[in-house]
Amino acid sequence: MMQPRRTPPESMPVIRRAFSADAASAPQLSPETRQRLHRHIEWAMAGRPDWQDHLRVTVRVASAEMRLAGLSSGEVERAFRCAVEDHPARTTHDAASLVTRELRSAQLVKLMLRWADGLRALRRW
C-alpha cells in the first residue's frame with residue numbers, strides 16, 4: 001500500500017517553472033513585461049477565458065517599450081513572432097482551426113501584430 005505524499009510546510013518556497021522562453025527574442029523589454037507577455041501567450045494558446053483582453057494590453061505595453069527602445073516596426077514584428085513561435089505552450093496547444101486549417105499560433109501572431117499597430121481586432125477569431 002502506498003503512503004500519501006507529504007505536503008511541504010508553508011515556510012518552504014514553492015518551486016515554479018523556470019522562465020526563459022522568450023528572453024532572447026525581445027531583449028529590449030523589461031523583465032516584468034517579458035514575463036507578462038510569456039504568461040499571456042500561454043493563456044491564449046490554452047484558450048483561457050478572457051485571454052484577449054489581457055494579451056491586448058500586454059502587447060500594447062510591449063510594443064510601446066520596444067518602440068521607445070528604438071526598434072523599427074519590422075523588428076517589433078519579428079520579436080512578437082519569435083515570442084509566439086518559440087513559446088513552450090506551442091507544443092501542446094497549437095491546434096489547427098477546423099474552419100481555416102490555420103494554426104492557433106499563426107492566428108495569435110496576426111492578432112498581436114494588429115494590436116501592436118493600434119488596430120482593434122474582432123472580438124472572436
Check your understanding: Do W51 and V61 share a hydrophobic cluster, counting only Ile, Leu, Val, Met, Phe, Trp and Tyr and linking them when any side-chain heavy atoms are less than 4.5 Å apart?
Key -> no
Point to revise | Under 3.5 Å donor-acceptor, H87 side chain and H38 backbone | key: yes
Exercise for review: Would you mind reporting whether L103 and R90 have side-chain heavy atoms less than 4.5 Å apart?
Suggested key: yes
Exercise for review: Quick one: closest heavy-atom pair of H93 and M45, and the distance?
Suggested key: CB-O, 3.1 Å
Check your understanding: Given R36 and R39, is the side chain to side chain contact (heavy atoms under 4.5 Å, CB included) satisfied, shown in steps?
Key -> CA-CA 5 Å; R36 277 181 61 192; R39 181 175 56 245; 3.3 Å; yes
Exercise for review: Could you label the plane-to-plane angle of the W43 and H54 rings as parallel, tilted or perpendicular, counting under 30° as parallel and over 60° as perpendicular?
Suggested key: perpendicular
Review point. Thinking salt bridges, do R114 and D117 make one under a 4.0 Å N-O criterion?
Key: no
Review point. Does some side-chain heavy atom of M112 sit less than 4.5 Å from a side-chain heavy atom of L37?
Key: yes
Exercise for review: Could you tell me whether E77 and R81 make a salt bridge, using a distance below 4.0 angstrom between a side-chain N and a carboxylate O?
Suggested key: yes
Study note, to complete from the structure: Between V76 and the options E65, R67, Q28, the side chain to side chain contact (heavy atoms under 4.5 Å, CB included) test singles out R67
Point to revise | From L111, V59, I41, residue fulfilling side chain to side chain contact (heavy atoms under 4.5 Å, CB included) relative to F80 | key: V59
Check your understanding: Quick one: does E75's side chain have a donor or acceptor within less than 3.5 Å of a partner on S72's backbone?
Key -> yes
Practice item. Determine the minimum heavy-atom distance between A44 and L55, stating which atoms define it. Key: CB-CD2, 4.1 Å
Study note, to complete from the structure: Interatomic distance, CZ@R56 vs NE2@H40, rounded to 0.5 Å, equals 12.0 Å
Check your understanding: Is L29 reachable from L113 through a run of I, L, V, M, F, W or Y residues, each pair having side-chain heavy atoms under 4.5 Å apart?
Key -> yes
Point to revise | Nearest heavy-atom neighbours spanning S63 and A116 | key: OG-O, 3.5 Å
